Amino acid sequence: MGFSKDFIWGAATASYQIEGAYNEDGKGLNIWDAFSSDGTHVKYKENGNVACDHYHRWKEDVAIMKELGIKAYRFSVSWTRILPDGIGRINEKGIKFYSDLVDELIANNITPMITIYHWDYPLALHDKGGWRNPESSEWFLEYTKVVVDSLSDRVSYWITLNEPQCDIGCGNKDGTHAPFEKHNARDLLIMGRNVLLSHGKAADYIRNNAKTKATIGYAPTGPCVIPRDDSAEAIEKARKKTFWCGGPAFPYSSSYWSDPIFLGKYPDELTEEYGDLVPEFTPDEWKLVTTPLDFYGMNIYFANEGEKEGEYSDIYFQGKMSTNIGWPLTPDVLYWSSKFMYERYGKPIIITENGMASHDWVCVDGKVHDSYRIDYLTRYLRAYKRAAEEGIPLLGYIQWSLMDNFEWSHGYTQRFGMVYVDYPTQKRTIKDSGYWYKNVIESNGENL
Ligand code: GCO
């Protein structure tokens, strides 16, 4: 037994990373528009002003998806494209862009999977305190309503948030992502509360108001530690470390975000450490936060080290295999994270992101021979298949990314796509891995 018959094979992108057209047709500015090019945070001062110019080339991009046999396309909506100030005034042209995209996907038999929020926070709301503002979950709800009311007649897959770990951890604790700020634990806990409540309000709204039956999840990332061997003791140690939530790095933890949503409580480690600083939810708010979801989404690229270097996994050693961005090659992470998350949260799994940054270029024969990406994906998908074979319910696998794009603080230096983008000309070239993925999809993973 391998992947289920209706397994969803997909590809993902995010608005800021591909759309460009940052100030066209009434779009308002978001924090990445405002702060990417300040010269200190993003490699070569690059930004998403043009990116892959997907805003103008979306038809061509859908045609490429069709050629690749992609069954589902995960993309995010740019909040300020449809609400330029974050709340209030609606920009119909922005809505039309996503509505046309959805129509085109459906006409090509590709299931749209919408991420409501993938880090491009409205500048106007950031200026009012952003996630620290007690109103912020109401702002998020207002935005969600516009998206859901306009698209849920045709869209049934919804992901509320992408990686709150990075939004709050990278963006507001360590200052490596927009808005490039560093806040103390108290403020981070307040932001976390408002993010969780935003998720809950959005999930509740979708569940009760979507015009077609909704399938709802969110897409966290988070550490996963691989057991050093198959002994029960090693597995327990790895599990414990995977769900760790102590210390100042709590915004990066899985349990900090997922325990409230799926278990209705903050992790004990957090409350023990921060006591009264941990903001409570009222019973009504808890009800929203724990709105039942349909799947557990996971963005996973590599395993983390254990307590000490090399203790629980053997991934750190001299000359370790790593991808272009420096992340170690640890295929078994797809097996172990599926197992750990399913056992703790009891929801079917969708890998909402996994993929590899590789050193790609167009070769003299005009093709992109990204054999390392094929090898990477083969290994990871085999590990994921093992989880399916052991009976863990897996609904899908969404590869990051459909095409090369703006990789946040790395600018355009990291290519994650199945499709090569030559930025000066915007020419797209399907890489070898794209054709390989097409075959994997056609065989439903039998040929892995
Ligand atoms: C993330 C984001 C993507 C990244 C990808 C590669 O998970 O960080 O969802 O936007 O581009 O993960 O880093």
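Just follow the structure's listing: the first ligand is 1, and inside any ligand the first atom is 1. If you read the sequence from its start, that first residue is 1, and numbering goes on from there. Just so we're clear, the structure is a prediction, and the values are computed from it rather than from any experiment.
The protein heavy-atom contact nearest to atom 7 (O) of ligand 1 is E163 OE2, 2.0 Å. Of all protein heavy atoms, the one closest to atom 5 (C) of ligand 1 is Y301 OH, 3.2 Å. Among protein heavy atoms, the minimum distance from atom 10 (O) of ligand 1 is reached at Q17 OE1, 2.6 Å.
The proximity of F406 to ligand 1, defined as any non-hydrogen pair under 4.0 Å, does not occur for either the backbone or the side chain.
Residues F35 and H126 place their aromatic rings such that the two centres sit under 6.0 Å apart. Remark: aromatic rings of W257 and Y218 are distant, center separation not under 6.0 Å. Ring centroid separation for the pair Y335 and Y384 does not come in under the 6.0 Å cut-off.
No N or O atom of W119 sits closer than 3.5 Å to an N or O atom of ligand 1. Looking at N405 next to ligand 1, no N or O pair under 3.5 Å apart turns up. When only interatomic distances are considered, the shortest N/O to N/O separation between E353 and ligand 1 falls below 3.5 Å.
Ligand 1 places these atoms under 4.0 Å from at least one heavy atom of H118: 2 (C), 3 (C), 9 (O), 10 (O). Contact atoms of ligand 1 toward W400: 3 (C), 4 (C), 5 (C), 6 (C), 10 (O), 11 (O) (distance under 4.0 Å to a heavy atom of the residue). Using a 4.0 Å cut-off to heavy atoms of F416, the atoms of ligand 1 that qualify are 6 (C), 13 (O).
A cation-pi geometry, defined here as NZ or CZ lying under 6.0 Å from the six-membered ring centre and within 45° of its normal, holds between R415 and Y420. Judged by the 6.0 Å distance and 45° axis criteria, R81 is positioned over the aromatic ring of Y55.
The minimum heavy-atom distance linking V148 with A210 is given by the pair CG1-CA, 4.2 Å. Here the closest non-hydrogen pair linking N91 and K27 is ND2-N, 3.9 Å.
Distances shorter than 4.0 angstrom do not occur between any heavy atom of Y16 and any atom of ligand 1. The closest approach between a heavy atom of Q414 and any atom of ligand 1 is not below 4.0 Å. Contact between N162 and ligand 1 is present, with at least one heavy atom of the residue lying under 4.0 Å from the ligand.
Ion pairing of E24 with K93 is absent here, as no side-chain N (NZ or NE/NH1/NH2) approaches a carboxylate O to less than 4.0 Å. Contact check on D187 versus K182 returns no salt bridge, with no Lys/Arg side-chain nitrogen under 4.0 Å from an Asp/Glu carboxylate oxygen.
Across E407, Q165, R74, H410, heavy-atom proximity to atom 11 (O) of ligand 1 is greatest for E407.
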